[in-house]
Structures are given as structure tokens and as C-alpha cells.
Amino acid sequence: MATSSTATASLHLLLPTSRRRRLLVPRATHSDCTVDRRRFIAHTAAAAVAPLVLPPVWTTPAARADDAPALSQWERVYLPIDPGVVLLDIAFVPDDPSHGFLLGTRQTILETKDGGNTWFARSIPSAEDEDFNYRFNSVSFKGKEGWIIGKPAILLHTSDAGESWERIPLSAQLPGNMVYIKATGEQSAEMVTDEGAIYVTSNRGYNWKAAVQETVSATLNRTVSSGISGASYYTGTFNTVNRSPDGRYVAVSSRGNFYLTWEPGQPFWQPHNRAVARRIQNMGWRADGGLWLLVRGGGLFLSKGTGITEDFEEVQVQSRGFGILDVGYRSQDEAWAAGGSGVLLKTTNGGKSWVRDKAADNIAANLYSVKFLDDSKGFVLGNDGVLLRYLG
């Protein structure tokens, strides 16, 4: 774990030019035709298995009349992957809303050309030519430009909506594992590691500049009198990290005993005591700019007002005794929460009250990621390769 300050000047994360590899990958063809973001889920993934021989496309079977309860606002999409795969991120190309990518463990990269109704395995040779079993953590697009990051450290970039990908070599001195990337503009992106390093690039990833002056470990160990419970001699990493549309971050410590925030222009992460007795499971941003907070063992809290605060109040939810793992806002009023054993909850008043949706009651999986890409396109990711698609 890096405990010294990261460079404030531009950080060159490249290997020498002579060792750069650029590989254009042709589009896959088929005859019939979305820290470690979820550290608390990772241990559920089984050991790597040999490559599977997969069919090109699996389609969603028609619902039967005797299915109970029927999937109402969500449908399950069956994927051509091994059940042990943990899905980690999903993103679509803004210029082509029907074209998207789905990532996961065991080198899983899936692609869709019909809005997420069917998916096929996507091969990127530059991500398969070494003896590694990559865990692809995050994918993001801005226009036709896209990025994928994974563990062990790997960075992929496309400028043609994913038709071809090039691998950008990275420095071995990068502090921590890359867990999140955000496409921010032409040839520009923002990348976060699980040790709190934030880097930005404006030249397709060939040079990166540090946005914070030191890792979270260095910040907390330097400020022993910060008053943050569990922060002194901190040597952990992020459990989860979430970014707001305007570039603010909220992250939960690996043990869940405090959380941290960062806003553009700040030199360091700002630690905060948790406002509840139980340890924090996950945190994120509401559509109105406020925060939501989930605690281990079940419990949903909303911040009072908008912006960064330590003042939260609990909201009663019917989670059937299972923990809630993530919240995703479709609009300022409508949001969905997902959790253990297929728990799905819906609010239509910004989170003040929630009702249980029985859509996934018969799905034996933990649902841990809710992503709304716009007001009509949403997905829920679960373990064992479970993917739900929003129908509205």
C-alpha cells in the first residue's frame, strides 16, 4: 500500500514508445445476428475456469402464465456466460443507444446491438494475450470514445464506439487498483484507484495528471487528530466509490467505519464520521444532489438537504430482512433499491417511502448494482450472471 504523496505534476503512466502496442480489433460477427467496485461481492466469485464454448446469443425466453410473481417493470435477460461470473459495470454508446458493453469477472466482456435485449461475448485480443484472468471493473463512453479498466492493471480505449480497442500501457507505480473510470470529453477521462488516487487525461491516456496530492492513507495518517473514528493509521482501501454528474465523489472505507468525499479543486479527500451505529455498506448520490447511505444488516438513510453532509435520517423499507446493496435514481422522484435474495424496492417520491416490487422474488441471487443510463434504460446487476432490464 502506498503511503507517500502522489506526484502533483503530470504523471506519465506509459511505457516507452517502442513498447506501445496498438491493436485494432475487428467487430465480432455472429450468424444470428455495466475500491474494486464490489469488494463485498468479489469473494462470491468462484475460481477461474477454463474458457467456455458459448453460443453466440442467448435470448430471453417468453414468460409463462404460471410464473409467479411475473416480472412487472423488469425482465431477466439471460447471458451467454458461466453462472459464477460477477457482473460489475454496464455502459452504452451515447451516439448509438442500442449499442452497449457489459463487464465482469473472468475476463467477461459482453456486447449488445439491440439495447440490451440480447448479448454476445466480445473478444479483445489485446486483453487476452497474457497469462492473466482479468476482472473488468468499469466502462464509460462519451460520444464514440470509450474506456475500460480492470485488474490486474489494464486500460483499454476506443475512439470508434467500441468497433476497435487499443491497449494503453500503464506504470507499475500506479497506487492501488483501478476501480472506476469516467469518459469526460474528447480524448479525456477521469480515473480512480481504490487507494484514493484520482488522475485525469486529455490525450487519450498517454499522460495523466494527479487531481489529489496524496493517497487517502497518507492523508489520514498525516492528520492523526482528524477526529475521524478509525482513521488513524489507516491502511485500508475503498469499499465503494460513486461519482455525481458534476464530478463529486463519495467513497466508503473498506471496513465501513467512515466515509470520504472529494470535490473538484480540493487537494485532499475529506473524511467524515458515519452518522449511524452500524457500519456503512454503500453510499451514492440522489438525483437532487443529496446523498443516500446503506448500512450493513439492512437500513436506508437519506441526507437532510442536498450537498455533502453528516446529517442523515433513516427511511423505513420492506427489505424482508435482507440487506440493501445499491440505489439507482431514474428521475428526481423515481428510484430503485436492490439487495440480497432478489430484493427490489421502488420509490416515487424521491426516497421518502418505498414499496417492494416482487419482480425478482423467484431469482436466487443478490442484486448489488442499479444503473439507469437515462429515464428509459435501466439495468440491475446480480451475482451468478443475473441481469435485469427495465421495462417501465
Side-chain angles (χ1 to χ4, degrees), residues 34-35 37-38 73-74 89-91 138 140 180 182 184 190 192 238-253 256 258-264 266 269-276 278-296 298-319 323-339 343-357 367-381 388 390 392:
T34 157
V35 223
R37 174 174 169 80
R38 290 288 178 260
Q73 291 185 271
W74 299 86
D89 202 10
I90 189 171
S138 182
S140 180
Y180 178 81
K182 173 68 175 181
T184 55
E190 196 170 86
V192 184
F238 288 161
N239 186 36
T240 65
V241 57
N242 281 293
R243 185 184 189 273
S244 70
D246 59 1
R248 295 176 295 166
Y249 284 94
V250 59
V252 178
S253 71
F258 61 95
Y259 66 98
L260 309 101
T261 58
W262 181 83
E263 300 181 75
Q266 290 183 336
W269 285 84
Q270 305 298 313
H272 303 268
N273 281 311
R274 67 179 191 267
V276 296
R278 286 172 288 174
R279 293 182 183 269
I280 305 171
Q281 180 80 59
N282 194 7
M283 293 183 68
W285 302 92
R286 304 196 304 260
D288 64 1
L291 289 165
W292 53 260
L293 181 153
L294 305 174
V295 297
R296 298 181 184 179
L300 169 62
F301 294 76
L302 301 179
S303 64
K304 297 180 179 179
T306 61
I308 297 172
T309 181
E310 296 181 9
D311 193 5
F312 289 78
E313 58 184 355
E314 186 170 10
V315 177
Q316 297 300 316
V317 293
Q318 302 173 18
S319 62
I324 303 173
L325 302 178
D326 196 24
V327 177
Y329 276 75
R330 175 176 173 265
S331 65
Q332 189 159 322
D333 293 324
E334 183 181 330
W336 290 82
V343 168
L344 271 178
L345 303 167
K346 179 185 179 181
T347 179
T348 56
N349 55 15
K352 297 177 183 178
S353 62
W354 298 76
V355 295
R356 184 167 66 89
D357 188 292
L367 308 178
Y368 49 78
S369 181
V370 183
K371 289 183 173 291
F372 278 96
L373 308 173
D374 54 44
D375 59 2
S376 62
K377 186 182 273 80
F379 296 88
V380 175
L381 282 59
L388 305 182
Y390 182 70

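The chain is numbered in sequence order, starting from 1. Reckoned from all heavy atoms, side chains included, excluding hydrogens, waters and symmetry mates. Worth saying up front: this structure is predicted, and the values here are computed from it rather than measured.
Here the CG atom belonging to D375 is positioned 5.5 Å from the CZ atom belonging to R330, to the nearest 0.5 angstrom. To the nearest 0.5 angstrom, N239 atom CG is 11.5 Å from R279 atom CZ. For the atom pair CG of N273 and CD of E310, the computed distance is 6.0 Å after rounding to the nearest 0.5 Å.
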So L325 and Q281, side chain to side chain contact (heavy atoms under 4.5 Å, CB included) or not? Walk me through it. CA-CA 7 Å; L325 302 178; Q281 180 80 59; 4.0 Å; yes
Is there a side chain to side chain contact (heavy atoms under 4.5 Å, CB included) between W262 and V192 once you walk through the steps? CA-CA 12 Å; W262 181 83; V192 184; over 6 Å; no
Can N282 and T240 be said to form a side-chain hydrogen bond (donor to acceptor under 3.5 Å, both in side chains), step by step? CA-CA 6 Å; N282 194 7; T240 65; 2.9 Å; yes
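The aromatic rings of W74 and W336 sit perpendicular to each other, their planes meeting at more than 60°, with 30° as the lower class boundary.
At distances below 3.5 Å, not a single donor-acceptor pair connects side-chain atoms of D326 with backbone N or O atoms of L367. Looking only at distances, no side-chain donor or acceptor of T347 sits under 3.5 Å from a matching main-chain atom of A335. Remark: the backbone N or O of P245 is not paired with any side-chain donor or acceptor of W285 at under 3.5 angstrom.
The shortest heavy-atom contact between N349 and S353 is ND2-OG, 2.8 Å. When all heavy atoms of A337 and I324 are compared, the pair lying nearest together is CB-CG2, 3.9 Å. Counting all heavy atoms, side chain and backbone alike, K352 lies closest to L302 at N-CD1, 4.4 Å. The two residues V315 and G351 make their nearest non-hydrogen contact at CG1-O, 3.3 Å. In terms of heavy atoms, I280 sits closest to Y259 at CD1-CD2, 3.8 Å. Contact between R274 and G256 at its shortest, heavy atoms only, is CD-O, 3.9 Å.
With a 4.5 Å cut-off on side-chain heavy atoms, Y180 and F238 do not count as touching. Side chains of Y249 and L260 form no contact here, defined as non-hydrogen atoms less than 4.5 Å apart. In this structure, the side chains of L345 and L300 stay at 4.5 Å or more apart for every pair of heavy atoms. Side-chain contact check for Y390 versus Q73: some heavy-atom pair is nearer than 4.5 Å. I308 is not listed as a side-chain neighbour of Q270, based on a closest heavy-atom distance of 4.5 Å or more. Side-chain contact between T348 and V355 is absent, with no heavy-atom pair separated by less than 4.5 Å.
Qualifying salt bridge (charged side-chain N to carboxylate O under 4.0 Å, His left out) partners for R296, counting only residues two or more places apart in sequence or in other chains: none. Considering only residues two or more places apart in sequence or on other chains, S331 meets the side-chain contact (heavy atoms from CB on, under 4.5 Å) condition with D333, E334. Scanning for side-chain contact (heavy atoms from CB on, under 4.5 Å) contacts around A287 gives Y329, Q332, with sequence neighbours left out. The side-chain contact (heavy atoms from CB on, under 4.5 Å) test applied to K304 returns D311, E313, not counting sequence neighbours. Shown here are the salt bridge (charged side-chain N to carboxylate O under 4.0 Å, His left out) partners of E263, two or more places apart in sequence or in another chain: there are none. Residues passing the side-chain contact (heavy atoms from CB on, under 4.5 Å) test with S303, sequence neighbours excluded: R286, L291, T309, F312.
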